[in-house]
Every structure is written in C-alpha cells, then in structure tokens.
Amino acid sequence: MAANQEGRILSLHICVGHFEPMKDAESVEVLTGFGIKGDRHASEHPARRRRQVLLMDKETLDHFGLEQGQIRENITTDGIDLASLPRGQQISLGDDVVLEITGDCEPCAFIEGIRDGLRAEIEGKRGMLAYVTTGGSLKVGDAVKPV
C-alpha cells in the first residue's frame, strides 16, 4: 500500500449481540487494548486480542453487492485498500486512534445466510481485523491512513 494513501470513515457500527442487528453510530469511543465501547467483541482477553475491531472497505462491499454494516464490520472505509495491509501494519483513524492489523477475517456461517455462495466468494476479502493500540474518539468522515 502506498504510504501516502488516505481514506475516510464512511460508517461506524456496534455489534450489540450475537446475530442482533448492528447499531449504526455517528461516533464511537475506542478503548486502548479493548475495542469499541459497547461492542460485544470488545475484550482484553488474550484470545480476543486479534479480533477487537473489524474494518471493511466500501469498494469490496460494492463488488459483492453488499450494504455498509451488512457483514458486521465495525468501521466501513472508502479510498483505502484494506486488503493490502499486512499483519502488523498500523493505521491511524481520526485524530487519536491507532489500530494494528492482525489479519483478515474469515467468513463465518452468518455470511452464507446473507446469500447462498457468498461465504466462498468472499473468502480472503471479508475485511481486516485489528487490535486497538491507541484509543480515542472516532466519527464518520474521519481520515484513515497508514502510520
């Protein structure tokens, strides 16, 4: 990914419960080493460390004919190629937040429920998981760029 590449946050979503509809938000609090305040995946537990936040880009959603938040991502971006981010890459969001990419998100059975065959189609393209290195506030429209 080009170091000068910059995107923006298009939408923010909080997972309030297993298979519950995602809650759309204009802003969220991101907590260091924990995740997004109020999200069911936020946790300090070592087993959840690499799965605190899920990012997805609008370009990939558009390719698969999906809506923002439909694959249960927390942060939907535009203008930045998330799939090109290697594990360990840090990205800044807004004025304060820094996330570390921990890997791609494997599609689960929930994805197949959206559309037959989608789980296989989206393999390796479901978004990027991240750990919260530095917390802070995020809002729709904030910049997203590599550190």
Side-chain angles (χ1 to χ4, degrees), residues 1-31 34-43 47-94 96-133 135-147:
M1 179 175 78
N4 62 355
Q5 185 179 14
E6 184 173 314
R8 64 187 171 101
I9 296 174
L10 287 182
S11 58
L12 297 163
H13 316 277
I14 299 171
C15 181
V16 294
H18 189 62
F19 289 111
E20 295 287 325
M22 297 290 278
K23 177 182 169 191
D24 294 338
E26 286 298 313
S27 64
V28 295
E29 280 299 312
V30 182
L31 307 173
F34 190 73
I36 295 174
K37 185 176 181 178
D39 190 271
R40 76 177 284 272
H41 297 104
S43 174
R48 301 289 308 164
R49 182 179 168 107
R50 72 174 293 273
R51 304 184 62 86
Q52 291 179 343
V53 177
L54 177 58
L55 301 110
M56 179 56 130
D57 58 84
K58 182 180 183 305
E59 294 83 358
T60 301
L61 291 173
D62 288 348
H63 174 80
F64 290 104
L66 301 168
E67 299 295 322
Q68 294 175 36
Q70 192 172 10
I71 64 148
R72 305 186 68 74
E73 77 272 14
N74 297 113
I75 301 171
T76 311
T77 65
D78 184 30
I80 189 163
D81 182 9
L82 295 174
S84 71
L85 300 174
R87 180 174 289 166
Q89 171 73 52
Q90 291 191 338
I91 57 171
S92 70
L93 298 94
D96 304 314
V97 177
V98 177
L99 302 179
E100 180 179 320
I101 300 300
T102 59
D104 64 322
C105 185
E106 293 184 29
C108 61
F110 174 84
I111 299 299
E112 193 67 15
I114 295 171
R115 179 174 70 233
D116 287 344
L118 182 60
R119 187 175 185 178
E121 290 175 45
I122 206 167
E123 181 71 39
K125 300 175 189 128
R126 188 193 171 187
M128 301 304 284
L129 294 164
Y131 169 79
V132 181
T133 302
S137 297
L138 288 180
K139 64 185 181 307
V140 171
D142 278 349
V144 179
K145 57 189 172 187
V147 173

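What you see below is based on every heavy atom in this structure, not just the backbone, and it leaves out hydrogens, waters and symmetry mates.
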Ignoring hydrogens and angles, tell me if any N or O in the side chain of Glu20 forms a donor-acceptor pair with the backbone of Val16 under 3.5 Å. no
Partners of Phe110 by ring pair (Phe, Tyr, Trp, His ring centres under 6.0 Å), sequence neighbours excluded?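 With neighbours one apart ignored, the set is Phe19.
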How long is the span from the [atom1] atom in [X] to the [atom2] atom in [Y], to the nearest 0.5 Å?
{"X": "Leu138", "Y": "Ser27", "atom1": "CG", "atom2": "OG", "result": "9.0 Å"}
{"X": "Leu85", "Y": "Gln90", "atom1": "CG", "atom2": "CD", "result": "11.5 Å"}
{"X": "Thr133", "Y": "Leu99", "atom1": "OG1", "atom2": "CG", "result": "7.0 Å"}
{"X": "Ser11", "Y": "Glu26", "atom1": "OG", "atom2": "CD", "result": "9.5 Å"}
{"X": "Ile9", "Y": "Asp142", "atom1": "CD1", "atom2": "CG", "result": "5.0 Å"}
{"X": "Asp57", "Y": "Ser84", "atom1": "CG", "atom2": "OG", "result": "9.0 Å"}

Non-hydrogen side-chain atoms of [X] and [Y] separated by less than 4.5 Å:
{"X": "Arg72", "Y": "Met22", "answer": "yes"}
{"X": "Asn74", "Y": "Leu12", "answer": "no"}
{"X": "Gln89", "Y": "Pro146", "answer": "yes"}
{"X": "Ile122", "Y": "Phe64", "answer": "yes"}
{"X": "Thr102", "Y": "Arg51", "answer": "no"}
{"X": "Ile75", "Y": "Leu93", "answer": "yes"}
{"X": "Val30", "Y": "Lys37", "answer": "no"}
{"X": "Leu129", "Y": "Ile101", "answer": "no"}

Could you walk me through whether Gln68 and Leu61 pass side-chain contact (heavy atoms from CB on, under 4.5 Å), step by step? CA-CA 7 Å; Gln68 294 175 36; Leu61 291 173; 4.2 Å; yes
Specify the closest pair of heavy atoms between [X] and [Y], including all atoms of both residues, with the distance to one decimal.
{"X": "Asp96", "Y": "Gly135", "value": "CB-O, 3.8 Å"}
{"X": "Leu54", "Y": "Arg126", "value": "CD1-O, 4.2 Å"}
{"X": "Ala42", "Y": "Ile36", "value": "CB-O, 3.5 Å"}
{"X": "Val140", "Y": "Ala25", "value": "CG2-O, 3.8 Å"}
{"X": "Ala143", "Y": "Glu6", "value": "CB-OE2, 3.4 Å"}
{"X": "Ala130", "Y": "Leu55", "value": "CB-CD1, 3.8 Å"}

Could you go through the side-chain contact (heavy atoms from CB on, under 4.5 Å) check for Glu100 and Arg50 one step at a time? CA-CA 9 Å; Glu100 180 179 320; Arg50 72 174 293 273; over 6 Å; no
Apply side-chain contact (heavy atoms from CB on, under 4.5 Å) to the pair Gln70 and Ile114, showing each step before the final yes or no. CA-CA 8 Å; Gln70 192 172 10; Ile114 295 171; 3.4 Å; yes
Evaluate whether atom CD of Glu67 has more than 12 neighbouring non-hydrogen atoms of other residues, nucleotides or ligands under 6.0 angstrom away. no
Is it the case that more than 12 heavy atoms not belonging to Glu106 sit under 6.0 Å from its CD atom? no
Pairing donors with acceptors under 3.5 angstrom, does anything connect the side chains of Ser43 and His41? no
Go through it in stages, so that I can follow the logic: the residues are Val53 and Val132, the test is side-chain contact (heavy atoms from CB on, under 4.5 Å), and I'd like the CA-CA distance, side-chain angles, deciding distance and then a yes or no. CA-CA 8 Å; Val53 177; Val132 181; 3.9 Å; yes
Residues Lys58, Asp78; criterion salt bridge (charged side-chain N to carboxylate O under 4.0 Å, His left out); working and verdict: CA-CA 5 Å; Lys58 182 180 183 305; Asp78 184 30; over 6 Å; no
Kindly write out the residues that satisfy side chain to side chain contact (heavy atoms under 4.5 Å, CB included) with Asp104, not counting sequence neighbours, or none if the list is empty.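 Counting only residues at least two positions away or on another chain, Asp104 forms a side chain to side chain contact (heavy atoms under 4.5 Å, CB included) with Met128.
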Take Arg115 and Glu121, measure what salt bridge (charged side-chain N to carboxylate O under 4.0 Å, His left out) needs, and give me the verdict at the end. CA-CA 10 Å; Arg115 179 174 70 233; Glu121 290 175 45; 3.6 Å; yes
